[in-house]
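Since the structure is predicted, the reported quantities are computational estimates derived from the model, not experimental observations. Protein chains get the first letters and strands the later ones, always in sequence-line order, with residue 1 at the start of each.
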Amino acid sequence: MRVLAAMSGGVDSAVAAARMVAAGHAVTGVHLALSRNAASYRSGARGCCTIEDARDAWRAADRLGIPFYVWDMSEEFAAEVVEDFVAEYAAGRTPNPCLRCNERIKFAAVLDRARALGFDAVASGHYARLVDGPLGRQLHRAVDAGKDQSYVLGVLDAEQLAGCAFPLGDSTKAEVRAEARALGLAVAAKPDSHDICFIPTGDTGGFLRDRLGSAPGQVVDAATGEVLGHHDGAHAFTVGQRRGLHLGRPAPDGARRYVVEVDITARRVAVGPAAMLDVTRIRAGRPRWCGPQPAAEGRLGVQVRAHGEELPGLVRMVGDGFEVDLDVPARGIAPGQAAVLYDGTRVVGSGTILRGSR
Amino acid sequence: MRAYLDHAATTPLLDCAREALVDALGATGNASSLHWSGRAARRRLEEARESIAEQLGVAPSEVVFTAGGTEADNLAVKGLWWGRTAARPDRRRVLASRVEHHAVLDPVHWLGAHEGAEVVWLDVDRLGRVDPAQVADELARADDVALVAVMWANNEVGTVQPIEAIAAACAHADVPLHVDAVQALGSIPVDAALPTTLAISGHKLGGPMGVGALVARRNAPLAPLTHGGGQERQVRSGTPDVPAIAGFAAAVAHVLGDLPERAARVAALRDTLLAGVTTLAPDAVVNGAQGGPDARLPGNAHVSFPGCEGDALLMLLDAAGVDVSTGSACTAGVPEPSHVLLAMGIDAVLARSSLRLTLGHSSAAADVEALLAALPAALDRARRAGQVRISARLATALDGG
């Protein structure tokens, strides 16, 4: 196969590329430039998107003896991921930009361009497994449960999965690091990236304030409507959030209070006890299926955030989306996040959470 | 066996340059030392200086060695600025063409941003040529011009500038003219006595990398940028790289010795290349001035391929064993549309669809044949990739994104 290895400059994508080379494929390394004004140096533990990371990727490609290029995807990334991120927050939802990037950039704009240029697949350092069987290609969780990234790939359809390669799905992170060391890759000990790559300071609230301005409003008690405090913008709050409420005085019963509802139009953030976060039914829209659409009704697992646990429930196809009745109430279901459905280790597909209800 | 079609980026080291370089590398001695070993190094350095001066028709003292073309350009632009404004602080204007190499463009921008220079950018026509009448007009407007900078020949599109007329206008106004001749020297006739300062580079003509020179007239009002031991006429302190300079001098003598025959051979090869490319891609647009050595560098072909992205073509040809350039580079590897093509009035999309194909002393028919053999498949795939990007952007636009 002719394989394009997406190389972020981190250890995972470097080892993924190395494994594709070792498997005998013709591999070309590509670093995606997602920001026009990339910072020169890494700050904190972020592992991509700076000139230093581009160099790390380049040097890993050198070590593997493969050609290497930088592809400018900054326009696509700004339009498809950053603008969507801001718009979702502006609408009171909590988006996951990594899923969006996988759906629209890595395994869409990049994959389409790669295919046009004669490549058969895009390989990445995601921890997930592709299983080819009589029913076609299936996406499964990685064997390393602690690193499993199938959640952020739950937006890929069969056509996209056909052009993917995830060479790390059968390995643990420790094995990958050891392999990088054995290969002499300088990134073997590089810290994992986390948080949002286009907010290098890690200050999502500040980033959103810069983009959306401030829209002051009230923080109210969800049960009584009593005004408990004020905020600079409801978009900075996420259902389930506990920190940064600045309420000044504790609840009468001393219990912790959480954001239970964000109403952008009314600029109102409602808080209440943890019990008010309990959700038994999730409604999701904009479904994406990683293969055939599931049966009209069936028992599946659902994961509602990256690295969250899988919740068993009854899934029903409704209108343009699906509903999940959870066996056990769950907390902190934030609109905008993805609900990814699992059948065992197999990823069935996903939808964007519209609301949770009791 | 790779086909190397990027001689404007760097051209292979000539054998004579390698020999001079290696020979000098074995010798011990600092050219500033007073003992025998120092004098031996000094002798090698001064022989190289005299050789280059003789080849260029200038005095040996007018050759100031630097660590390359970029340093020579910086020394000229900033050195002339400080020299001229020290004498008369009301000289605030700097005239520079829009198509200069970044080694001139960026120092000029810097003078504007940090030193209060008022920059007048000289326009170019569709072929990339500066109009000497605009230079004369700007000089006649007021006696406040610190310096003028116009390159001899453009590094991207190969267009040769009317330096004689521009130099005459500058001489008439008694304003120093800096000319970046990094691409021109060794490819076309260069009269180094015309401008006040002239930047040249070793590795662009078959010498080593990391060495160049500023040819500066005795009376050039040049302030130093580096201060130290006072080497090189007190304007470029630092121990000179004698081996590189020896290799540089050998290369200059060689390329100026066989220039007419080699230029004719390279131009014929370039014309074969262009004929082949335009046959394979009838919609291709050939950029820059066309014609003999007074119009265009003999080794330069610059072509836009509508619907293809230059960087996709570069990658596909690279995979097929052919080294080409998109003409503009960036440290982060993210290509910007070329300021040269934009200045010529070419739109940003077509500018990104361009390849620079440059030939030099070691080029052979096989290089051109390899390009022409690889090009059809590369064009086909690059067109498809270009189409993908266009439809993706349309979809985003329709999506409201």
Side-chain angles (χ1 to χ4, degrees), chain A residues 2 4 7 9 26-41 49-55 57-58 61 66-88 100 103-105 108-119 286, chain B residues 2 6 305 307-338 348-349 351-355 374-401:
Chain A
R2 294 191 60 202
L4 187 147
M7 300 177 74
V27 182
T28 295
V30 166
H31 179 75
L32 304 176
L34 301 177
S35 163
R36 273 257 148 213
N37 306 304
S40 294
Y41 297 101
C49 305
T50 67
I51 289 169
E52 203 175 0
D53 295 307
R55 183 185 180 278
W58 193 311
I66 59 174
F68 178 85
Y69 307 92
V70 175
W71 279 12
D72 178 11
M73 287 286 158
S74 58
E75 269 180 53
E76 287 85 347
F77 189 76
E80 294 279 6
V81 179
V82 182
E83 277 182 32
D84 174 76
F85 179 82
V86 174
E88 285 290 287
R100 182 88 181 171
E103 181 190 336
R104 299 292 182 104
I105 306 295
V110 173
L111 177 59
D112 290 347
R113 185 165 197 242
R115 281 173 162 160
L117 291 172
F119 292 96
R286 224 178 65 79
Chain B
R2 295 194 67 87
D6 199 13
F305 298 93
C308 303
E309 286 182 350
D311 55 349
L313 281 172
L314 184 153
M315 189 185 90
L316 293 161
L317 291 170
D318 187 5
V322 183
D323 294 332
V324 302
S325 167
T326 54
S328 50
C330 171
T331 48
V334 178
E336 295 284 343
S338 149
V349 174
R352 283 181 189 275
S353 309
S354 305
L355 285 187
L375 193 59
L379 283 172
D380 181 47
R381 282 179 167 163
R383 276 196 197 103
R384 267 188 269 161
Q387 204 53 48
V388 161
R389 192 164 255 208
I390 290 162
S391 17
R393 283 184 182 158
L394 269 177
T396 305
L398 295 174
D399 214 24

K.L.:
Do you know which two heavy atoms are closest between A:Leu117 and B:Ala312, and how far apart they sit?
P.N.:
CD2-CB, 3.8 Å
K.L.:
Enter the distance from A:Trp71:CH2 to B:Asp311:CG here, rounded to the nearest 0.5 Å.
P.N.:
8.5 Å
K.L.:
Is it the case that over 12 heavy atoms from other parts of the model lie below 6.0 angstrom from the CZ atom of A:Arg55?
P.N.:
no
K.L.:
Between CG of A:Asp72 and CZ of B:Arg352, what distance do you get to the nearest 0.5 Å?
P.N.:
6.0 Å
K.L.:
Quick one: pull up CZ in B:Arg381 and CZ in A:Arg115 and give me the separation to the nearest 0.5 Å.
P.N.:
14.0 Å
K.L.:
Run the side chain to side chain contact (heavy atoms under 4.5 Å, CB included) test on A:Arg113 and B:Glu309 for me, step by step, so that the C-alpha distance in whole Å, both residues' side-chain angles and the decisive distance to 0.1 Å come before the verdict.
P.N.:
CA-CA 11 Å; A:Arg113 185 165 197 242; B:Glu309 286 182 350; 2.8 Å; yes
K.L.:
For the residue pair A:Ala116 and B:Val388, what are the closest heavy atoms and their distance?
P.N.:
CB-CG2, 4.0 Å
K.L.:
Check whether A:Phe68 gets within reach of chain B through its side chain, its backbone, both or neither, counting any heavy atom under 4.5 Å.
P.N.:
neither
K.L.:
Report the distance from atom CG of A:Leu4 to atom CE of B:Met315, rounding to the nearest 0.5 Å.
P.N.:
6.5 Å
